[in-house]
Amino acid sequence: MMNIKDIQGLPFSASGDDENDLSSVEYSDLVMDSQEIGRGSFGQVQKASYFGTDVAVKSLSSLVNIDPDYFKFMLREIKILKGMRHPNIVQYIGACLNEGRYMIVTEYIKGGDLHQLLKERGVNAIPWNVKMKLAFDVASAFSYLHSKKVIFRDLKAKNILIDEQGTTLRAKVCDFGFARILDISKDMNANKEGYLTICGSETTMAPEVIVGSNYNDSCDVYSYGVLLLELILGSRVVKTQLKRSPMSAFDMNLEKAEYLAPESCPKDFFDLAKWCCAYQPKNRPSFMTIVKGLKELMASPVDQLPVKGKSKPYKDEESDYDGEQSYDSDDNVNNVNNSSIQIGLDDNNNDGSGNDDNDNINNTISGGENSGYGSVIYNDTDKSAPNIDYGGRKQQNRNIFNLSFFTPPPGVVPIKIEHEEEDEEDQVPEKSLSSLGFDDIKSLIKGSDQSSVLRAISSPNLSLNNPLDSAAPQHLSNSVTGVLSTSKPKKKTSKKSGKKKNHNKIKK
Ligand SMILES: Nc1ncnc2c1ncn2[C@@H]1O[C@H](COP(=O)(O)OP(=O)(O)OP(=O)(O)O)[C@@H](O)[C@H]1O
């Protein structure tokens with residue numbers, strides 16, 4: 001007799017090419033389960049049955065109805081998700097409108113998300129081969145997305161669903177709220193002043209995104225690197241011990257990460273995380289390279305892989321942390337703040353295609369759910385954190401991110417760099433901040449006081465040089481064999497930038 005589980009495929013209700021079709025699923029065909037299975041800033045997720053198949057229904061925030069910008073986000077999410085077919089991407093089924101509330105219907109994934117998995121099982125209880133398999137799944141999904149010119153912009157553990165198939169776990173990417181289609185050739189010629197907006201989640205955002213510089217699909221690779229560190233160390237350790245700050249130009253302290261990582265971690269797996277977290281986007285691998293490298297790695301029994309081993313002693317400059325090699329197994333803390341952030345609503349058109357990210361108009365931050373794990377959009381005109389009703393829950397003022405980072409105080413003047421006396425050939429003409437490059441900003445930040453730094457980088461309109469200019473992201477130039485172990489991340493440049501000495505001071 002045929003088992004119902006043998007039936008392959010899911011009901012699909014998107015109609016034709018009409019991206020605006022928001023009622024391809026009849027609400028009356030959904031048998032809703034009252035239990036909420038998830039919640040984010042854009043709405044709540046419930047399980048339902050759709051013609052006998054389990055589905056997840058995301059009921060979008062009421063703001064989607066009243067705010068055209070939110071509406072555009074939803075259209076974009078639907079349009080992109082609808083076109084995706086990959087075993088590691090949650091399958092879109094259709095959209096629905098009920099009593100004025102929009103809903104997105106996708107396949108139901110029963111194992112929760114990766115953040116929950118790490119928290120509930122404990123990072124150390126998950127075997128390395130399982131971690132590498134999940135990492136491989138995510139990289140496979142992203143190599144597919146990038147091949148379709150989709151950048152996701154919010155890769156984090158909460159957006160990775162875990163599909164339990166017997167004893168095997170499979171990762172599936174969900175939540176395309178911040179995804180967009182990027183035509184790099186077209187967009188690279190667009191206005192250089194931040195044509196892509198700042199969005200993502202505090203812990204996983206790439207530095208170039210945070211400082212408002214131009215970015216491309218390699219921002220997803222950086223977030224993936226942070227995700228790998230979470231698989232290695234646990235989300236809580238990454239969030240608390242590897243916290244990135246303006247004082248380090250939002251660079252990840254990889255030396256400390258190495259010290260904290262378990263000795264048993266396969267060396268190549270750790271090196272991959274470091275490589276993905278390279279400060280300069282052009283030094284990060286592509287997802288194609290990552291997939292090939294991980295495949296190679298997974299071909300060997302895990303107990304035959306060289307391990308990271310003991311790391312050299314590490315002394316934390318900032319907090320005198322000279323931590324133990326052992327650490328909390330993972331976050332059994334409920335309030336892990338890993339909010340998604342979007343600065344500047346980035347659609348001038350509704351279609352999710354390129355060239356629509358160039359508007360620093362009407363910046364808005366919306367607060368997420370009170371688990372501290374929701375999405376955020378900042379409202380430039382309202383300097384206080386908003387108090388918005390998301391699906392019935394009141395969002396109280398919450399210090400999601402340091403707003404002063406993004407919001408220049410009124411009347412801020414460009415900062416000038418003062419140079420101490422030095423050899424003539426080493427002298428650099430005075431520059432206003434707006435003409436500094438990405439590395440310049442970084443070196444400045446490392447040698448300055450925090451308030452100056454915040455003022456310096458707080459404007460999303462800075463004309464930063466494009467960190468992507470000098471070279472394209474690495475692709476398949478590395479051989480697959482030993483790609484992870486032989487292609488060490490390049491040592492980052494010191495505080496010097498070119499001929500500049502480390503004497504630069506910021507003057508108000
Ligand atoms: N298809 C699904 N199957 C099972 N659970 C799901 C599914 N989709 C979402 N969830 C659960 O609901 C949570 C929130 O979903 P989602 O990330 O799509 O919401 P969001 O409002 O866009 O969140 P964010 O604030 O991160 O933008 C997920 O982390 C997951 O736990």
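Order of listing sets the numbers, starting from 1, for every ligand and every atom in it. For clarity, every value in this text was computed on a predicted model and none was experimentally measured.
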> To which of K58, K158, M74, H115 does the heavy atom nearest atom 19 (O) of ligand 1 belong?
Replying inline: K58
Short N or O distance, [X] and ligand 1, threshold 3.5 Å exclusive:
X    : result
K156 : yes
I109 : yes
Q116 : no
D175 : yes

> Residues two or more places apart in sequence or in another chain: which of them pass salt bridge (charged side-chain N to carboxylate O under 4.0 Å, His left out) with K131?
Replying inline: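 By the salt bridge (charged side-chain N to carboxylate O under 4.0 Å, His left out) rule, K131 matches no residue at all.
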> Would you find a donor on one side and an acceptor on the other, under 3.5 Å apart, between the side chain of T289 and the backbone of P285?
Replying inline: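 No: the side chain of T289 does not pair with the backbone of P285.
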> Would you say the side-chain atoms of Q44 and S59 include a donor-acceptor pair closer than 3.5 Å?
Replying inline: no
> Do R85 and Y144 meet the criterion of a side-chain donor-acceptor pair at a distance under 3.5 Å?
Replying inline: no
Proximal atoms of ligand 1 relative to [X] (non-hydrogen, under 4.0 Å):
X    : result
N159 : 17 (O), 26 (O)
T106 : 1 (N)
V90  : 1 (N)
G38  : 11 (C), 12 (O), 13 (C)
A56  : 1 (N), 2 (C), 3 (N), 7 (C)
I37  : 4 (C), 5 (N)

> Less than 6.0 Å separating the ring centroids of F176 and Y92?
Replying inline: no
> Can G112 be said to touch ligand 1, with heavy atoms closer than 4.0 Å?
Replying inline: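 No, that is not the case, since the closest heavy atom of the residue is not under 4.0 Å from the ligand.
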>> Test of understanding: with side chain to side chain contact (heavy atoms under 4.5 Å, CB included), list the residues that count as partners of S49, not counting sequence neighbours.
In response: V31
> Given side chains that start at C-beta, do those of L75 and Y102 come closer than 4.5 Å, heavy atoms only?
Replying inline: no
>> Quick check: closest heavy atoms across L229 and A273, and the distance to 0.1 Å?
In response: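 The answer is CD2-CB, 3.8 Å.
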